[in-house]
Amino acid sequence: MEDTLSGLRSLMAIHSPPLDALVVPSEDYHQSEYVSARDKRREFVSGFTGSAGLALVTKNEALLWTDGRYFLQAEQELSAQWKLMRIGEDPAVDIWIADNLPKEAFIGVDPWCISIDTAQRWERAFSEKQQKLVQTSKNLVDEVWINRPQAEINAVIVHPLKFAGRSVADKLKDLRKRLRQEQARGIIFTALDEVAWLYNIRGSDVAYCPVVHAFAIVTANTAFIYVDKRKVSVEVQAHLVENEIEIREYTAVSSDVTLLATDELDTVSTVKRVNGGHQAEENSNLIWIDSGSCCYALYAKLNPDTVLLQQSPLALAKALKNSVELDGLKKAHIRDGAAVVQYLVWLDEKMQDVYGASGYFLEKDSAKKEKQLQSLKLTEVTVSDQLESFRASKEHFKGLSFPTISSVGPNAAIIHYSPKAEACAELDPDKIYLFDSGAQYLDGTTDITRTVHFGKPSTHEKACYTAVLKGHIALGNARFPNGTNGHALDILARIPLWKDGLDYRHGTGHGIGSYLNVHEGPHLISFRPHARNVPLQSFMTVTDEPGYYEDGEFGIRLENVLIVKEADTKFNFGDKGYLSFEHITWAPYQAKLIDLKLLSPDEINWLNSYHSTCRDILAPYLDEVESAWLKKATEPIGA
């Protein structure tokens, strides 16, 4: 680590101009949340392995910013050379730089790894002290990363219409209509899930995300994909050509954006247009880019006066699931729920056999068994491997949708904990166990969290679990007028916790993809200001996942995926139309962690109704033993 920092500082010193600081973002050239191994530059530099964060290396300091999900993890992973900066508590990186670096300081960043929004915000902050954001011509981290992983050649696959629900031609037609409405003659797509969704392709270039490293440009007459051609099979080539999409090398995007800027891009297209060209509007001279996802490097090639900086039209189009996608998501979540139940049945038996635990149903102190053989003991990693194997047996399974958060006791308080085989905890019958996991299926992406105890939970643990459950139920049962955003709804999940002076440091819900990214925008349910940007609409998906975390003790989170749908209300004030949620995740909540005295009759009725549906829906996927276990786990409570 020390060698890395000194190597970077040497390169900063000989850079022209010499750099006072170097920013190392987490993102790749596509502003992705999850990145491939060779793009984990911030992790390589800092040693912090969380998915979100930003490193800043100055001449004599090294700082890492991350959000509330990762405070505990970062404290554990950062060496003494690094200072942790807590987003929301400490000054933001641009403010810190403006306040702490000298006047006229040069701050370097790879312009491919930073969005236009971020770069412009920083430039405004730096201007007060005449500090300057410098676009480095090559990535300095790559220069010192001797064993950087090689680029992998992973095959692109066609995502069939039976899962996608809409043809590429249909999507391109809608997109070009939007271009005409906005008087834009072209649009650049850099977000990997948008390229995959638009062209009905998938891949495996990023772990857990079925995406392809690719850019796309669409004009009134042409459509291009920029991808390593070695990844494109004859079948995929036929699919793209049939949809009049020109295949160009990944690196050609840079020169092609320059051609787009001068309105010469269409001239390089070799695809024969069966459907005829689309006439661009006479006065359409704008090039549309999403300032939140497009990198600064491509923006720098355009004339700012002819750029339309606006959210990508695909962000919302992708979030509004079609009927085929919704049907697929529901089916995927049923199979996934069956896997989770099979896992709980297996884990319940193992905890009793190996550790003398009272088990999922009984509430007694564990009868501690003699120290087990190494081969018998259960760890956070060995049990999550078993969960994966239950999922892998299900139809259309393609892999996990994110690294499983399998966490015992104090580790469950680390919100995005990622257990490592060599250093993870053993399961403990006297401690809470939280598992947050999901899978990629051809017909949908899943994400579910349950928190369980196989011994005797404390009164405090029960009260906290019940408060989280009450918030989870309140949000899931919400009815709200059209036009309501996730910022307005977030409070519903927190009120039961606030009553006791408790809270959690993460958002409450995110969209979820259709065999795409597990975290999908543009909407979210959160206290963060950008949750105000996009109202919730029918056919969106969103998670409902409140939690509570007690550092050094335990963590609790409950998560279901919901679909937004029209609500059947008695009245319709203001003719707005009202919306509600439909749960599509099916797995029981542990009765012994619930303090019934804290639940209202309505909450008890909802829980019993959910459990009854859960039992009926999952039964066909379970064997006799598993069905009997689920029947017991979903017995009516409070009767």
For a quick check under 3.5 Å, do [X] and [Y] share a side-chain donor-acceptor pair by atom type?
X	Y	result
Glu249	Thr251	no
Gln31	Thr190	no
Arg391	Ser437	yes
Glu194	Ser312	yes

Criterion side-chain contact (heavy atoms from CB on, under 4.5 Å) on Asp20 and Lys59, from CA distance to verdict: CA-CA 6 Å; Asp20 296 271; Lys59 289 174 180 176; 3.4 Å; yes

Has the side chain of [X] got a donor or acceptor atom that lies under 3.5 Å from a matching backbone atom of [Y]?
X	Y	answer
Gln131	Leu101	yes
Ser401	Ala439	yes
Glu77	Thr49	yes
Lys171	Trp197	yes
His487	Phe527	yes
Asn517	Gly513	no
Arg202	Ala196	yes
Gln440	Tyr208	yes
Thr4	Val45	no
Thr541	Ile512	yes

Among residues at least two apart in sequence or on other chains, which ones pass ring pair (Phe, Tyr, Trp, His ring centres under 6.0 Å) with Tyr199?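 Listed in chain order: nothing, the list is empty.
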
Identified side-chain hydrogen bond (donor to acceptor under 3.5 Å, both in side chains) partner of Tyr549 from the options Arg505, Arg69, His506: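 For Tyr549, the side-chain hydrogen bond (donor to acceptor under 3.5 Å, both in side chains) check succeeds only for His506.
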
Between Val268 and Arg248, is a side-chain contact (heavy atoms from CB on, under 4.5 Å) present by the stated rule, with each step listed? CA-CA 10 Å; Val268 302; Arg248 307 271 285 167; 4.0 Å; yes

Does any non-hydrogen side-chain atom of [Y] lie less than 4.5 Å from one of [X]?
X	Y	result
Glu559	Asp447	yes
Leu302	Val257	yes
Tyr299	Gln120	yes
Asp28	Leu192	yes
Trp122	Ile114	yes
Asn411	Pro419	no
Val195	His30	no
Leu240	Val158	no

For [X], does the [atom1] atom have more than 12 heavy-atom neighbours from other residues, nucleotides or ligands under 6.0 Å away?
X	atom1	result
Arg121	CZ	yes
Lys229	NZ	yes
Glu152	CD	no

Quick check: closest heavy atoms across [X] and [Y], and the distance to 0.1 Å?
X	Y	answer
Leu309	Ser291	CD2-CB, 3.8 Å
Ala531	Leu524	CA-CD2, 3.7 Å
Gly555	Thr451	O-CG2, 3.8 Å

Cation-pi check for Phe48 against Arg42: NZ or CZ below 6.0 Å from the six-membered ring centre and within 45 degrees of the axis, yes or no? no

Once you round to the nearest 0.5 Å, how far does [atom1] of [X] lie from [atom2] of [Y]?
X	Y	atom1	atom2	value
Leu434	Ile415	CG	CD1	10.5 Å
Thr543	Asn560	OG1	CG	9.5 Å
Leu442	Lys398	CG	NZ	5.0 Å
Phe106	Thr136	CZ	OG1	14.0 Å
Thr404	Leu387	OG1	CG	5.5 Å
Arg557	Glu545	CZ	CD	6.0 Å

Going by salt bridge (Lys or Arg N to Asp or Glu O under 4.0 Å), name the residues that satisfy it together with Asp205, two or more places apart in sequence or in a different chain. Lys231

Let's go through Trp82 and Leu5 carefully: what are the C-alpha distance in whole Å and the side-chain angles of both, what is the deciding distance for side-chain contact (heavy atoms from CB on, under 4.5 Å) to 0.1 Å, and is it a yes or a no? CA-CA 10 Å; Trp82 286 85; Leu5 288 175; 3.8 Å; yes

Per the ring-ring contact (aromatic ring centres under 6.0 Å, His included) rule, which among His523, His519, His530 passes with His510?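 Of His523, His519, His530, ring-ring contact (aromatic ring centres under 6.0 Å, His included) with His510 is met by His519 alone.
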
Among Tyr250, Tyr226, Phe189, exactly one meets ring-ring contact (aromatic ring centres under 6.0 Å, His included) together with Phe215. Which residue is that? Tyr250

Would you call the rings of Tyr70 and His416 parallel, tilted or perpendicular if under 30° counts as parallel and over 60° as perpendicular? perpendicular

Tyr417/Glu380 under side-chain contact (heavy atoms from CB on, under 4.5 Å): CA gap, chis, key distance, verdict: CA-CA 11 Å; Tyr417 175 72; Glu380 292 165 330; 2.5 Å; yes

